Amino acid sequence: MGSGAVGHRESAAANGAGTPTGQPLPILVHARDIVDAYAACDVLVLAGETGCGKSTQLPQILLDNRRRTGVSRVVITQPRRLAAISVAARVAHERECELGTQVGYAVRFENKSGPGTQIRYVTHGVLLREACSSSTASLRSQEHSAFHLNYDAVIIDEVHERDLNTDLLLGMAKTKLLERKGSAVAKSDAEESFKLVVMSATADIAAFTDFFSAPCRPLNGSQRQVHPQTPLVVKQLIIPGRAFPVERLFTEEPVQEYVNAAVTACAQIHADEPFPGDVLCFLSGQDEIDAACALLKDHLERYLGKKRTKHEVLIMALYATLAPEEQQRAIEPLPVEVRAQRRKIIFSTNVAETSITIPGVRYVVDSGMCKMRVGTSASQSSLQIVPISRAQAAQRAGRAGRECAGKAFSLYPERALFSVMPEFEPPEITRCDLASAMLTLFALGTDVRHFDFMDAPSAQGVQNALELLVDLGALDEHCEMNAVGRAMAALPVGAMVGRAFLEAMRAGCAQSMAMMAALLSVEGNIYASVRPERRAAADKARRHEASALGDMISVLNVFEKYLSLHPRERGAYCRDLFISARTLNAARAAYEQLLKLQQTRTVRQGANALCRDVYRAREPSWWSEPAGGPRPRMQLQRCLVAGFSRHAASLLEAPPSSRLSGSPNQTAGEFAVAPSSSFNVRYKGLRGGPELFVHPSSVIHWRRRPPHCILYQEILITSKLYVRNVLEIDSAWLDEATGS
DNA sequence: TTGTGGTGT
């Protein structure tokens, strides 16, 4: 293996690094080209469709030819945890080593790698975090960016997905490579040297090649001198995939009712197309999928009726919030003996576009639509149904050709590919809240205004995020990061939640706030996915743990109870309250992580700095409990105010007089018997803006009197502007928090 | 009076 010969290990073939038919993976045929290109460049742009073997083989090729590549330690990033783990397991098997030794992985909450790990699979986020934490020491130097990684080769996989972390990695890596190239000391500093490989779908490699070939182009044409710019040497290689041909069919005209059309298409495929061959139908969301399942069942019963004795249909739904067992049921192939008679028809969201592969699929039906989160601030967002991109359309169609030739039926005319669809989805960085991304960049020693983005975020978005970070005390008035900001950047939560957490450390309620922060950060609602017919029962059950202080405290009550239970009892508790055990378990992991981070120097320093810088002038009574006994939630509320003061709103209008029967000094626990239909209170954001309505799912609606002043986690735009996850606060705390 | 496309530290 140390011979330097270009070729592949015997063990790879022995352990199946080839196709089911015994042919080698396409990428292995090109190993020599890859090694040649890698040796001669700074950045290698490698294009290859799914199935060419690039994720498993490229790191091995670089490592096994180390005499020419110089690679003895390689990191490879994946967009999803599951991908990082399963690819690492595959490669460990091929190399006949135990996972976590020579081949390992690291995702959030789980690290299976060690000092001897030569091939390390990580998520994009882990690598970014690694670059941050190892960079603290180098922050002294203003000459160089602090992006520092201890690898010979850094491979960013699935780079075409363009999630936020990918874009940050691309910019940081490019800047670092250019700096090193322009720096005379670079050659002696072996620790700092690495080469970059970005791997992508074939469609868009030109954009990546252009980006890395061009000199640094800071966001707003700043005057910053970025070192003598010797351009990077960028090589480009295309590896053919091994997918089977897919015949793509389109409608003549645009389809109005695409859910109906999808159901009809599925029924028709079932009637006309040969067996075996399952159908995968892409719709935008859970509602549509549930409707389509019911419609198809109805349709098949009515039209196929008695004729259907031989060829049965299994209708499946697939979306990410579905319980893992149900997902598994949709993915599992039919037993071989019934595949000639039965057909599976799966209605899915775009979870089946990239994250989940379903064996047995030969026919794809594509509605051409998906849901996308719209809005560039943390406070305001809505999910809208929008047309997919051409790249997504190709990806969806490709799902029909994984095992044999297939057919893709598009529910839109071919011309819509160009008249309606964008070429690619807009990169996440152009449409998401930037506060956390900017914290990361600042922590890496980079001012966001000088960052070389492949696609720049909007100037307004940058401005909003900067203002927020200054308000939160993470940046000073000159936009320099301070200890508070460094601590916030080290916390795996959003900027506002992070600030509240530091506040709580100072106030002595960090443990409760760690729970709260975990709950505010987990994806999805803990009250997820209850079918309409069970919603009344769910609402009733959930009210047992509810607090009149609002949803944030109610959910915290649930979480505290959950954590206090023996792990064996937790499942039943979740079922009784119609709560997602998966979400609470994720919150538990995040909670434990926060408790650990609380001990670290960076975070402790941040909390201490908060005390010195922000609270110097504050009266000592601020933190003391009010007279009349302890009210343990009050400190927590006050700390939340410090993070979420931008999300404060005050009551605009008194409720109808019939609602005023409650005690004027109402405290937690006092609910009305039932919510009133006339309970239509409106709030106004303290910084102005449109009228806000409390989301009907809020426990606030069960109160006799609405609170005068509230905080909310987010605004949801549907039929109205609804605030979700609401907490009652005292307006006096706002003055404390904002220092006015 | 109502709603959860998909990722990630």
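Convention: sequence-line order gives letters A, B, ...; per-chain numbering from 1. All of these numbers come straight from a predicted model, not from anything done at the bench.
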Rounding to a whole Å, what distance do you find between Leu441(A):CG and dT9(B):P?
18 Å
Using whole Å, what does the distance between atom C1' of nucleotide dG5(B) and atom OH of Tyr258(A) come to?
11 Å
Once the angle between the rings of Phe453(A) and Phe451(A) is folded into 0 to 90°, is it parallel (under 30°), tilted (30 to 60°) or perpendicular (over 60°)?
perpendicular
Assuming nearest nucleotide by heavy-atom distance, tell me which of Gly494(A) and Asn350(A) is located more 5' along DNA chain B.
Asn350(A)
Of the listed nucleotides dT7(B), dT9(B), dT2(B), the one nearest the side chain of Ala320(A):
dT7(B)
Using the test side chain to side chain contact (heavy atoms under 4.5 Å, CB included), find all partners of Ala437(A) that sit at least two apart in sequence or belong to another chain.
Leu164(A), Leu168(A)
Ranking dG6(B), dT9(B), dG3(B) by distance to the side chain of Leu716(A), first place goes to dG3(B)
Would Arg329(A) and Glu325(A) satisfy salt bridge (charged side-chain N to carboxylate O under 4.0 Å, His left out), going step by step from the backbone distance to the final call?
CA-CA 6 Å; Arg329(A) 217 167 53 88; Glu325(A) 314 83 74; over 6 Å; no
Using whole Å, what does the distance between atom C1' of nucleotide dT2(B) and atom CZ of Phe578(A) come to?
17 Å
Take atom CD1 of Ile289(A) and atom C1' of dG6(B), then tell me their distance rounded to the nearest Å.
12 Å
Nucleotide nearest Lys371(A) when distance is taken to its side chain, options dT9(B), dT1(B), dT4(B):
dT4(B)
Distance in angstrom units between Glu288(A) CD and dG3(B) P, rounded
15 Å
In terms of side-chain heavy atoms of Leu383(A), which of dT4(B), dG3(B), dG6(B) is nearest?
dT4(B)
Taken in chain and number order and not counting sequence neighbours, the residues that satisfy salt bridge (charged side-chain N to carboxylate O under 4.0 Å, His left out) with Glu110(A) are none
Between dT9(B), dG3(B), dG6(B), which nucleotide has the shortest distance from any of its atoms to the side chain of Val107(A)?
dT9(B)
Could you tell me which non-hydrogen atom of Ser367(A) sits nearest to which non-hydrogen atom of Arg396(A), and how far apart they are?
OG-NH1, 4.2 Å
Just how far, in rounded Å, is C1' of dG8(B) from CZ of Arg373(A)?
14 Å
Please check the phosphate of dG3(B) (OP1 and OP2 only) for any side-chain N or O of Thr718(A) closer than 4.0 Å.
yes
Using heavy atoms to find the nearest nucleotide of DNA chain B for Gln593(A) and Pro696(A) separately, return the residue whose nucleotide is more 5′.
Pro696(A)
Under the 3.5 Å rule, do the base of dT9(B) and the side chain of Arg129(A) count as making a donor-acceptor pair?
yes
Return the orientation label for the His647(A) and Tyr712(A) ring planes: parallel under 30°, perpendicular over 60°, tilted otherwise.
parallel
Once you round it to whole Å, what is the distance between P of dG8(B) and CZ of Arg162(A)?
19 Å
Between Lys720(A) (NZ) and dT1(B) (P), how many Å, whole number?
7 Å
May I ask you to evaluate whether Thr354(A) reaches the phosphate of dT7(B), defined as a side-chain N or O under 4.0 Å from OP1 or OP2?
no
Establish, with yes or no, whether the OP1 or OP2 oxygen of dT9(B) is under 4.0 angstrom from a side-chain nitrogen or oxygen of Arg81(A).
yes
Is any side-chain nitrogen or oxygen of Thr349(A) closer than 4.0 Å to OP1 or OP2 of dG6(B)?
yes
Looking for any heavy atom pair under 4.0 Å, which part of the strands does Arg108(A) touch: base, sugar-phosphate only, or nothing?
base
